[in-house]
Amino acid sequence: MPGGFSICLQYRFGEYTAEDVTRFVEQGKLTPEQYEGITGEKYDASVVEQQETVQ
């Protein structure tokens, strides 16, 4: 499993989407703060819960 630095690089090169990075937070591989640092967006756990309900 890639680490935070690797995830950040892969996100910036377009290999991961914000949704992919969200999954790393869900899996405990990243913190919500790391998510925000990588994507520049505020991490919103309620969005994740809504996505799980839809699927």
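Quantities reported herein were computed from a predicted structural model and do not represent experimental measurements.
- Pairing each heavy atom of Ala18 with each of Glu41, the nearest pair is CB-OE1, 4.2 Å.
- A pairwise comparison of heavy atoms in Val25 and Thr31 identifies CG2-O, 3.8 Å as the closest pair.
- Paired with Leu30 under the rule side-chain contact (heavy atoms from CB on, under 4.5 Å), one option of Glu33, Glu26, Gln34, Gln27 passes, and it is Gln34.
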- Determine, step by step, whether Leu9 and Arg12 satisfy the side chain to side chain contact (heavy atoms under 4.5 Å, CB included) criterion, reporting the C-alpha distance in whole Å, the side-chain angles of both residues, the deciding distance to 0.1 Å, and the verdict. CA-CA 5 Å; Leu9 284 177; Arg12 292 188 183 191; 5.7 Å; no
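- Summarising the geometry, atom CG belonging to Asp44 is positioned 9.5 Å from atom OG1 belonging to Thr22; distances are rounded to the nearest 0.5 Å.
- A distance of 13.0 Å separates SG in Cys8 from OH in Tyr35, rounded to the nearest 0.5 Å.
- Between Tyr11 and Tyr16, the shortest heavy-atom contact is CD1-O, 3.4 Å.
- Expressed to the nearest 0.5 Å, how far CD of Gln10 lies from CD1 of Ile38 amounts to 10.5 Å.
- Atom CD of residue Glu15 and atom OG of residue Ser6 lie 8.5 Å apart, to the nearest 0.5 angstrom.
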